[in-house]
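This report concerns only the one structure given below.
Each chain gets a letter, A, B and so on, in the order the sequences are listed, and its residues count up from 1. On a predicted model such as this, the values are computed, not experimentally measured, just so you know.
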Protein chains: 2
Amino acid sequence: MAQERARTGSRERLVEATRELLWQHGYSGTTPAAIRARSDVGQGSMYHHFPTKVDLAAEALRVSSAEAERSIDAYLDEAPSPGAAVARYLSKPRDGEKGCRFGRLTLDDAVLEDERLRRPVSETLTWYRQRMEALLREGQASGELRPDFSAEAVGATVIAMLQGAHVLARADRSQASYERVIEGALTLLEGLESRR
Amino acid sequence: MAQERARTGSRERLVEATRELLWQHGYSGTTPAAIRARSDVGQGSMYHHFPTKVDLAAEALRVSSAEAERSIDAYLDEAPSPGAAVARYLSKPRDGEKGCRFGRLTLDDAVLEDERLRRPVSETLTWYRQRMEALLREGQASGELRPDFSAEAVGATVIAMLQGAHVLARADRSQASYERVIEGALTLLEGLESRR
DNA sequence: GTCTATAGTCCGATAGAC
DNA sequence: GTCTATCGGACTATAGAC
């Protein structure tokens, strides 16, 4: 992964700082100066490791994406059934105002105009979506969930509800706005359960 | 509303241009230079009418908000029942990649840090949310919808699904991603109907 | 690999004449 | 109300020594 042995870890600190700043301030809102301040790496070192801001951001997204997929798999494994796993994913404690690391970036033109940034965002969100889709399909196969809905469509909607919850929470600067959406999402999800 | 009679309509053209640019590029992505180019108004005129960028954006949001509330009321009046109105609102044809005029702005730190920008965004989204809540409550009262869910929570979720649909559509640069979320949303909504 | 100095560009705003 | 000229600052990146 690391192309050469870095002695001091400057490279790692740069990536870590960028990951956090992308989350907090988006891509356009993250300046090289802020990255240097947070990572305590000098101008020269930074541009030595990453020739451009895009290079650094792309690497940060790669790391975040890998980490997210790993941790979500572990989180979902705790659930007793596929349907419960979807509910568990929706209920996962999150800072509503901070938002999703990836969804956060989709409103930034600079990200959408550069494939090196847009692609990892799109692919990670697609991965989430397909993860939900697979769970819903499993639930349908086991009889836990009704067979008469599109797992593909509903899977996408589950992810969208989360993204939208962050939008509303940010607009209101309120965690309660986030939680309200989740409550409604769980209610809607119940309607997919097989009728006893 | 216009404090003095403008002879040439520069002021109106500035607001119109800003409305459109805010929609397309967000707040930070909208530069005074772009506004001048689109409205064909000079530097001097622009700063005569609006001392700062925030003043101009705040006025643009005020106009957009008023217009949105008016047009949605008219659109929803066409539906035969409250439940159908919610479905109709979700199904309304939209450019998924362009996004919501208001939700679009919530990911921009500059908007969240200035109350003159954040408040109209928050208030308009709240208005949407409460509009859905009221429809759901009506549906419950009339027996069209089940009585055993929180109209407040589900109303918020309906708006969130739309916001999230835009996020996914932008990530994928795909209208199909938008439509997929709407399909799932409509499916979930059916679960609220009273069981025959 | 890291440093300091500097470049070139755009941003949002101001000055002051007409 | 509108014009042109200009400003201070921030942003992203480059140059070149150590």
### Parallel, tilted or perpendicular, as decided by the 30° and 60° cut-offs, for the rings of A/Tyr128 and A/Phe102
perpendicular
### Message
If I take atom CE in residue A/Met46 and atom C1' in nucleotide D/dC11, what distance separates them, rounded to the nearest angstrom?
### Response
11 Å
### Message
Please confirm whether the shortest side-chain N or O distance from B/His48 to OP1 or OP2 of D/dC3 is below 4.0 Å.
### Response
no
### Summary
Distance col, row B/Met46:CE vs B/Lys53:NZ, nearest 0.5 angstrom, shows 9.0 Å
### Task
Please state whether the phosphate of D/dT2, meaning OP1 or OP2, lies under 4.0 angstrom from any side-chain nitrogen or oxygen of B/Ser10.
yes
### Query
Which residues pass the side-chain contact (heavy atoms from CB on, under 4.5 Å) test with A/Arg88, sequence neighbours left out?
A/Tyr75, A/Glu78, A/Ala79
### Task
Take atom NE2 of A/His49 and atom C1' of D/dA13, then tell me their distance rounded to the nearest Å.
17 Å
### Task
Specify the separation, in whole Å, of atom CG of A/Leu14 and atom C1' of C/dT2.
12 Å
#### Entry: Geometric cation-pi criterion A/Arg36 and A/Tyr47, 6.0 Å radius, 45° cone
no
#### Entry: Note: B/Glu152-A/Arg180 ion pair, threshold 4.0 Å (strictly below)
yes
### Qualifying residue, where the test is side chain to side chain contact (heavy atoms under 4.5 Å, CB included) with B/Val41 and the options are B/Arg13, B/His49, B/His48
B/Arg13
### Separation of D/dA5 C1' from B/Arg36 CZ (nearest whole Å)
12 Å
### Query
How does protein reach along nucleotides 11-18 of chain C, written 5' to 3' as B (base within reach of a heavy atom under 4.0 Å), S (only sugar-phosphate), or - (no contact)?
SSBB----
### Query
What integer distance in Å separates A/Leu56:CG from D/dC11:C1'?
15 Å
